[in-house]
Amino acid sequence: MKFAILYTMDGCPHCENLKDIIYEQEIDVDIRNIKDHEKEYKQFVEASGSEYLPAFTLVETKDDGNHDINLNVPDTNFQNVNEAAEKIKSFLSE
């Protein structure tokens, strides 16, 4: 099983642009506003070392019940929102 969690915040133009692409391409992503998921986002920041948004987590549950978790932040794992959307879409379709 695979799923993606996208962290965004109100007033972030890059977040809005990525959400627009996700809606247009009908990519199945759990979108979470960091204001509403503050504790979870703080854990993401601690683990990833970055507060930049939009950011996302790609999770795959393996047959043995373990999880592969991939944290993705701007300028490190993707350079723009189009690349981010493609990365999410590609992961979910594999």
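- Met9 and Phe56 are members of different hydrophobic clusters when ILVMFWY side chains are connected at heavy-atom separations under 4.5 Å.
- With hydrogens and angles disregarded, a donor-acceptor distance shorter than 3.5 Å links the side chain of Ser93 to the backbone of Ser90.
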Candidate pair Glu86 and Lys89, rule salt bridge (Lys or Arg N to Asp or Glu O under 4.0 Å), full reasoning: CA-CA 5 Å; Glu86 187 55 40; Lys89 185 177 180 179; 5.2 Å; no
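- In this structure, OG1 in Thr57 is found 9.5 Å from CD1 in Ile88, a value given to the nearest 0.5 Å.
- Considering CG of Asn82 and CD of Gln25, their distance stands at 8.0 Å, rounded to 0.5 Å.
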Chi angles and distances behind the side chain to side chain contact (heavy atoms under 4.5 Å, CB included) call for Glu60, His67: CA-CA 6 Å; Glu60 180 175 7; His67 303 297; over 6 Å; no
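- Under the 4.5 Å side-chain heavy-atom criterion for Ile, Leu, Val, Met, Phe, Trp and Tyr, Tyr23 and Leu53 are members of distinct hydrophobic clusters.
- In this structure, Lys19 and Leu6 have side chains that are in contact, with non-hydrogen atoms separated by less than 4.5 Å.
- Residue Glu51 qualifies as open at atom CD: its count of foreign heavy atoms under 6.0 Å is 12 or below.
- Between the OH atom of Tyr41 and the CG atom of Asp36 there is a distance of 14.0 Å, given to the nearest 0.5 Å.
- Atom SG of Cys15 sits about 9.0 Å away from atom CG of Asp10, to the nearest 0.5 Å.
- The shortest non-hydrogen separation linking Ser48 to Leu71 is N-CD1, 3.8 Å.
- In this model, a donor atom of one side chain and an acceptor atom of the other lie less than 3.5 Å apart for Asn70 and Asn72.
- Residues Val29 and Ile5 approach most closely at CG1-C, 4.4 Å, considering heavy atoms.
- Remark: side-chain polar atoms of Asn66 are not paired, donor with acceptor, to backbone N or O of Lys62 under 3.5 angstrom.
- Heavy atoms from other residues, nucleotides or ligands lying under 6.0 Å from CD of Gln79 number more than 12.
- No more than 12 heavy atoms of other residues, nucleotides or ligands lie within 6.0 Å of CD in Glu26, so this atom counts as exposed by the packing criterion.
- By the rule that hydrophobic residues join a cluster once side-chain heavy atoms approach within less than 4.5 Å of another member, Leu92 and Leu18 end up as members of one cluster.
- Heavy-atom neighbours of Lys42 NZ from other residues, nucleotides or ligands within 6.0 Å: at or below the threshold of 12.
- Closest non-hydrogen pair, Ala85 versus Ile27, comes out as O-CD1, 3.8 Å.
- Residues Val45 and Ile31 fall into different hydrophobic clusters, defined by Ile, Leu, Val, Met, Phe, Trp and Tyr side chains chained together at heavy-atom separations under 4.5 Å.
- With a 6.0 Å radius and a threshold of 12 heavy atoms from other residues, nucleotides or ligands, His14 has its NE2 atom at or below the threshold.
- Annotation: the span from Phe3 atom CZ to Thr61 atom OG1 amounts to 6.0 Å, rounded to 0.5 Å.
- Between Glu83 and Phe78 the shortest heavy-atom distance is OE2-CA, 3.5 Å.
- Both Ile34 and Val59 sit in one connected hydrophobic cluster of ILVMFWY residues. Membership requires side-chain heavy atoms under 4.5 Å apart, directly or through other members.
- In the displayed structure, Asp63 atom CG is contacted under 6.0 Å by at most 12 heavy atoms of other residues, nucleotides or ligands.
- Aromatic ring centroids of Tyr7 and Phe44 lie under 6.0 Å apart.
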